[in-house]
There are 2 protein chains.
Amino acid sequence: MRMPTLSTAAAAVVLICTGPAQADPLPSWNSGETKSAIVEFVDAVTTPGSDSYVDPAGRIATFDNDGTLWAEQPFYFQLAYALDRVKQMAAADPSLAEKSPALKAATAGDLESLIATGHDGLLEVMATTHTGMTTDEFKETVGAWLETAKHPKTGRPYVDMIYQPMLELLAYLRASGFKTYIVSGGGIDFIRVFSEDVYGIPPEQVVGSSAKAEFVLTDDSADTEKIAELFFYDDKEGKPVAINHHIGRRPVVAVGNSDGDHQMLQYATRGADTGLAILVHHTDAEREWAYDRDSKIGRLDKALDEANQRGWVVVDMKDDWRTVFPWELN
Amino acid sequence: MRMPTLSTAAAAVVLICTGPAQADPLPSWNSGETKSAIVEFVDAVTTPGSDSYVDPAGRIATFDNDGTLWAEQPFYFQLAYALDRVKQMAAADPSLAEKSPALKAATAGDLESLIATGHDGLLEVMATTHTGMTTDEFKETVGAWLETAKHPKTGRPYVDMIYQPMLELLAYLRASGFKTYIVSGGGIDFIRVFSEDVYGIPPEQVVGSSAKAEFVLTDDSADTEKIAELFFYDDKEGKPVAINHHIGRRPVVAVGNSDGDHQMLQYATRGADTGLAILVHHTDAEREWAYDRDSKIGRLDKALDEANQRGWVVVDMKDDWRTVFPWELN
């Protein structure tokens, strides 16, 4: 897979973070309250003797993925995968399109008609494209797609649609002794295909939604196979539950961008001795997208209210980010 | 909690493993085929240019807990916790014993009558003692128990009933770039209370069976609460499924002692480019216990057959281990 991130921009970040203490660990963040709040928090939890000091073992940071680490417009990239994959499957087996209205719409690339089939229609498309194969086979298919698929607006590979300031924040936290995790409503197996190359987050530090799986043994193989039944939906109340299940520690830093992340941010801060909640607010219609309370994707409403009430850090993408995407640095 | 291990024996192991290359990383293992097979495998996967070389990122080792890292006789230590806890709860609320035959038997410490109530009776005792509280409250209760409870045969704290050769193997693998995981049929929250202190395995590297949990929010707290419904049973076929779910990589080294670990060992080796399966065979009735094909706890039958057929490493506890428990070194 292409690795634009680690080879260019992020490499510079790593150099910065391991350089002199005075170097700016967040060069793509404009100076101001947001950046200061982050740096002051990290200083406090990593300074021995500070009231907020956190032992390195407890330094856990959890990041949502869609809309937080990479873009999520005009629709979730994993849905783009599902649609492309249905077309590919229908090319090999044209009868697929006749199986249901949802599969017919998906095969035709008709997103509007697909959405009209409702939750069950979308689930059918996801099941058709995400299950009935081994985990390794699924990952290979996603990897091949990521190498060729292009974002509909920018024409760039999806793995380029990541946020440079977030790469810097991930690197800064890791350099400060944090373990960085993804905790996403998206599919755990999907994200694991690119998380290590793109974000420096290994598969064992990815938490996400998942299908059930079963063990399949033959004379010369032993695999897990993805089956068409939901195992866990890692969104809203599911995020703290999944964090407790996978990590077994409360996060010290939690970063999200939508109401789907609300409970994760509450979990990191409410009643905790030390916790930082960060919300990315998509306010930049020119460089990225601007959306919040009324958006169908990445709706940010109740979490924004609580952020304002409780003084969480709200990132104003337009004002706080000097750079949005890594390619702007080239 | 007491930490006999890290403060004494394991500290010596760490010194050995970070010392000169010639130092024996497994001093409690007698010389012979078993020890050689382990050392040769680790050398092969960590030597750049070797056909079996495994990149550090892929070096995952998974260990069963009961009967593999610590003892499991005369019955699982987590069951001992449940029985002690029921008695404690009944002392505060005597009506508990009248709720069911299982709780009556458990309250009386009558294991035979409890077992006679069958699977449902045992599940009721587990649900009563393991759910209906926050995860943090559960962990505090287990931590307090571990500080005072004593093993019925040796009279020692349960966290002393760990295997010195396994502490050395864990340390040796970590010094060789492996991430070490527990993958246990026991409860994930139970093991996380002591795994870091006792084995050097942090909570995020513990995989186990679990109850469902739900997010509970108040004005000044945000917690997960354990509820009386099984979420995942991490035994037999469940182990590869859980490894795929939590870690997302196939283990390179898998270590177990019973048929409950059979599928995990198959997953690490069958069809894999490089994999080592290790089975601990309890053969030492004098220093520990001797049991295998007919044991009710830790039954080892089919996995032993496959180990013999496929040349897995079988540890003969009596012959291969110079030391069994850390206290023997004092």
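It should be emphasised that the depicted structure is a prediction, and the values quoted were computed from it without experimental measurement. Every chain is numbered from 1, with letters handed out A, B, ... down the list of sequences.
- The aromatic rings of A:Phe138 and A:His130 sit tilted, their planes meeting at an angle between 30° and 60°.
- Of the atoms belonging to B:Lys212, not a single heavy atom falls under 4.5 Å from chain A.
- Contact count against chain A (heavy-atom pairs under 4.5 Å) is highest for B:Asp219 among B:Asp223, B:Asp219, B:Thr269.
- Taking chain A as the reference chain and counting heavy-atom pairs below 4.5 Å, the highest number among B:Ile188, B:Thr135, B:Ile60 is found for B:Thr135.
- Here A:Ala213 is the residue among A:Gly238, A:Ala213, A:Ala57 with the most heavy-atom pairs under 4.5 Å with chain B.
- A salt bridge links B:Arg249 to A:Glu196: at least one charged side-chain nitrogen sits closer than 4.0 Å to a carboxylate oxygen.
- Neither the backbone nor the side chain of A:Lys236 comes within less than 4.5 Å of any heavy atom in chain B.
- At a 4.5 Å heavy-atom cutoff, the contact between A:Gln205 and chain B is made by side-chain atoms alone.
- Aromatic ring pairs are classed by plane angle as parallel below 30°, tilted from 30° to 60° and perpendicular above 60°; the pair A:His246 and B:His245 is tilted.
- Aromatic ring centres of A:Phe190 and A:Tyr81: separated by under 6.0 Å.
- Proximity to chain B involves both the backbone and the side chain of A:Phe231, based on heavy atoms less than 4.5 angstrom apart.
- If you measure heavy-atom distances from A:Thr218 to chain B, the contacts under 4.5 Å come from the backbone alone.
- Taking NZ of A:Lys239 as the start and OG1 of A:Thr62 as the end, the distance is 8.5 Å to the nearest 0.5 Å.
- Using a 4.5 Å cut-off between heavy atoms, A:Leu217 touches chain B through its side chain atoms alone.
- A:Asn244 touches chain B through backbone and side chain together, each having a heavy atom under 4.5 Å away.
- In summary, the aromatic rings of B:Tyr76 and B:Trp70 are positioned with their centroids too far apart to meet the 6.0 Å limit.
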